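Have a look at the structure below before the remarks.
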Amino acid sequence: MLLTSTSGNPRFRCSRFANWPLRLKVVAILLFSSALPLVATAYLDVQQARVTALASEASQLSSWCHQLAAEFDRFNDAHLSTAKRLARLPDVRSFATSDDHHLRETLAVWSESDEIRGIALLDTTGTVRIATNEALAGKSLASRAFVQHALRGDTVISDVHLAEPEVGGVPSIAYVSPVLGDDGAVLGLLAVWVHAEALWDLARSTHALGRGPTYAVLVDEAGVRIAHSMDPSFVFRPTGPLPAVTIDAMVVDARFGPNTRALLSDVEPFPEVFRRATSLERGVDDMFLDFSTANERWSYGVGCRLTSTPWTLFYLVPREQVEAPIIAMTRVKVAFSAAVIGLALTAGGLLASSILPRVAALARATERLGKGDFTARVEVAGSDEIGRLGESFNAMAERIQAQDAGLRRARDESEAFSYSVAHDLRTPLRAINGFSTALIEDQCGRLDAEALDHLERIRTSALRMGHMIDALLELARVSRAEIHRQPVDLTALGRAVFAQLVAAEPARKVEFVVQEGLHASGDCPLIRVVLENLLGNAWKFTSGRPVGRIELGCTERDGVPTYYVRDNGAGFDMAYSGKLFTPFQRLHRPTEFAGSGIGLATVQRIVTRHGGAIWADGDVGRGATFYFTLGEGP
Amino acid sequence: MTTEKLILLVEDNPNDEALTLRAFKKNEIASEVVVARDGVEALDFVHGTGAHKDRDTAVQPSLILLDLNLPRIGGLEVLKRLRSDARTRHVPVVVLTSSRQHEDVVNSYANGANAYVRKPVDFAQFSDSVRTLGAFWLVMNESPAPRG
């Protein structure tokens with residue numbers, strides 16, 4: 001009880017971990033000390049590897065991207081310089097006066113190439129004057145953006161567009177150079193159409209550059225794919241939604257023929273690519289991660305702007321490709337960590353299984369010992385701390401068992417002693433009493449009064465000693481008796497005991513006041529002994545009163561039920577109250593009140609053995625009150 | 001109070017013997033009283049062995065007053081042997097002793113005692129007890145033992 005009342009907050013605070021079973025604690029500590037650092041290290045390693053891998057991938061992609069962009073620029077520059085050189089031919093410069101047939105043949109020689117689809121000479125109105133494809137002659141191309149642009153005096157590389165049917169009607173790029181007079185005035189335009197297929201071939205060659213699934217996409221400044229190394233079907237598909245103005249302009253231009261609007265509306269979003277390709281002022285060199293619905297994949301990419309045209313080349317690699325080594329490394333790390341944790345747990349399990357059963361055995365043995373089984377021992381295995389603990393436990397149990405045996409022996413000896421006291425000491429007393437009685441009875445005629453008085457004294461002394469021996473035996477008995485607590489009806493018990501007293505001396509007038517419903521928890525036969533003694537004393541000490549009064553009741557003191565027996569008898573001097581409960585100490589002369597002098601000692605012993613206390617309150621001539629408690633019930 | 005019946009008093013203490021006989025006399029119990037001073041003597045008497053080998057064992061006491069604390073064979077053992085012999089199985093045995101130990105009381109009854117009386121120190125009380133015993137066991141009580 002004391003333990004629980006003093007074990008307030010500190011124990012409660014640490015109870016969570018402290019109350020865990022040992023096995024759980026071992027696992028928790030092992031996980032904490034092995035798993036946590038491992039997982040943290042593995043995480044940092046993977047992050048580091050990821051950063052390194054991404055940086056290396058970025059530089060690789062960037063390198064390939066610049067390489068391919070340079071190829072594209074060379075391709076453009078080559079064709080544009082063809083156009084410029086042709087524009088400087090004397091025949092071309094004087095085409096207004098030249099022989100058309102001769103000039104066409106000259107151009108036809110230049111156009112003998114797989115890539116070049118046609119060469120044409122336009123006048124300043126944008127109308128074809130001479131063309132290698134004769135059907136084109138006389139046709140006005142003034143609506144074409146690149147024509148309008150070139151007429152202002154610049155060399156122009158057109159966007160990829162669907163060329164006129166007369167030039168084959170295939171996706172083409174026009175390289176246009178103004179034909180300048182000596183005064184620098186624009187006399188006309190020279191246009192070279194190159195099949196876009198050539199550009200695409202170049203893009204496809206990218207697979208020779210990159211590993212596996214890397215791919216390149218060339219996007220014009222409007223955000224439309226114009227080359228795709230992997231899947232040509234994406235060409236002309238915008239990477240993002242184009243502004244309506246741009247679409248309208250391209251429709252007017254008939255850039256992709258009659259289907260221009262439909263093609264441009266069929267967006268295959270690639271947001272980051274679109275953003276970078278269309279905002280020319282932005283740097284495009286840093287690596288980005290983007291999702292394309294075209295291949296349903298996330299890809300890392302690097303962009304590179306061409307120098308010859310405002311096109312942007314993107315070099316991409318699927319995310320898995322980049323992350324595969326990181327994922328593989330993560331797997332290895334996870335497997336390694338799991339293995340280490342498994343090892344730690346196995347080791348911990350081995351440690352625990354070498355310790356815990358022994359601790360559990362100790363706990364069981366301690367519990368048995370605590371319950372009074374003094375033969376409890378543990379098997380001592382090893383000489384570690386637990387082994388030593390086991391040895392100490394066994395030594396302790398050995399000592400307790402020896403002490404217990406000693407106590408039992410002492411108790412048995414005391415019982416044997418009591419038996420001999422009961423039997424052997426009383427026998428001579430019986431003879432003393434018996435033969436004194438015999439003398440008094442048989443010789444009363446021959447003995448004088450003094451002799452008879454002496455014999456009477458011998459007889460009563462023997463009797464008294466017999467009572468004292470009985471009382472001592474009773475004291476010894478209640479000291480040894482086991483306490484079996486049960487509910488006791490004190491009211492009924494008090495009445496029964498009082499009835500006995502009345503039966504022994506029916507002539508006396510004594511009023512007995514007992515509180516109704518008095519209940520206690522105690523050993524019923526021993527509580528009866530208590531009442532017999534206390535009520536018997538009260539009965540005895542009220543013998544001088546015309547009407548005696550004895551009360552049996554209960555009050556509360558400090559929340560503890562306190563029973564009392566009160567009388568209006570002879571009382572006692574409080575100065576000697578300390579002697580009341582000591583055996584053979586009496587506060588009255590034997591001639592006043594008979595008694596063994598052991599009754600209250602017996603009562604005190606019983607009350608103490610119940611865990612209670614007894615005390616008295618009294619005054620000479622005014623009666624006495626005996627209070628007792630019976631401790632806590634089980 | 002007169003009776004022709006036989007009483008066996010098993011008592012090793014001569015003082016107690018004298019006092020018991022005095023109590024019989026005082027209460028005018030005229031039965032023949034045989035005194036056995038230890039367990040062996042008591043068993044010899046009832047079973048016709050040893051010093052009593054010529055005795056007719058058909059004649060058995062109407063009452064045995066048995067002390068527990070006896071030399072040689074103790075009271076409880078005597079009781080056991082009395083009860084295991086057909087001739088004495090039904091003889092009323094009153095344990096008459098100084099002891100009031102609970103074990104003694106229980107063991108006595110367990111071994112077939114018919115009554116257990118503690119010898120009081122006060123002779124007057126003792127005399128009363130003897131008178132009551134005589135009145136009950138020798139007069140009121142019907143005994144299966146044949147009278148010799």
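First the proteins, then the strands, lettered A, B, ... as listed; each starts at 1. Keep in mind it's a predicted model, so treat the numbers as computed, not measured. Values reported hereafter were calculated over all heavy atoms of this structure, with side chains retained and with hydrogens, waters and symmetry mates removed.
- Here B:D16 contributes atom CG and A:T427 contributes atom OG1; the two are 5.5 Å apart, rounded to the nearest 0.5 Å.
- At least one donor-acceptor pair closer than 3.5 Å links the side chain of A:R426 to the backbone N or O of B:K119.
- Considering all non-hydrogen atoms of both residues, A:D470 and B:R118 come closest at OD1-NH2, 2.9 Å.
- Residues A:G434 and B:F123 share a closest heavy-atom pair of CA-CB, 3.6 Å.
- Between B:N15 and A:A431, the shortest heavy-atom distance links the atoms ND2-CB, 3.6 Å.
- Taking CG from B:D122 and OG1 from A:T460, the interatomic distance works out to 10.0 Å, rounded to the nearest 0.5 Å.
- Two residues are said to be in side-chain contact when any heavy atoms from C-beta on lie closer than 4.5 Å; A:T437 and B:R22 fail this criterion.
- Judged as a side-chain hydrogen bond (donor to acceptor under 3.5 Å, both in side chains), the pairs with a partner in residues 486-501 of chain A (not counting sequence neighbours) are, in order, A:R495-A:E516.
- Note on B:E103, B:K26, B:H102: by heavy-atom pairs under 4.5 Å with chain A, the leading option is B:K26.
- Within the structure, ring pair (Phe, Tyr, Trp, His ring centres under 6.0 Å) pairs that include any residue of residues 13-68 of chain B comprise B:F45-B:H52 (at least two apart or interchain).
- Contact count against chain B (heavy-atom pairs under 4.5 Å) is highest for A:A438 among A:G466, A:A438, A:A462.
- The number of heavy atoms from other shown groups lying within 6.0 Å of CZ (A:R508) is above 12.
- For B:A23, no part sits under 4.5 Å from any heavy atom of chain A, backbone or side chain.
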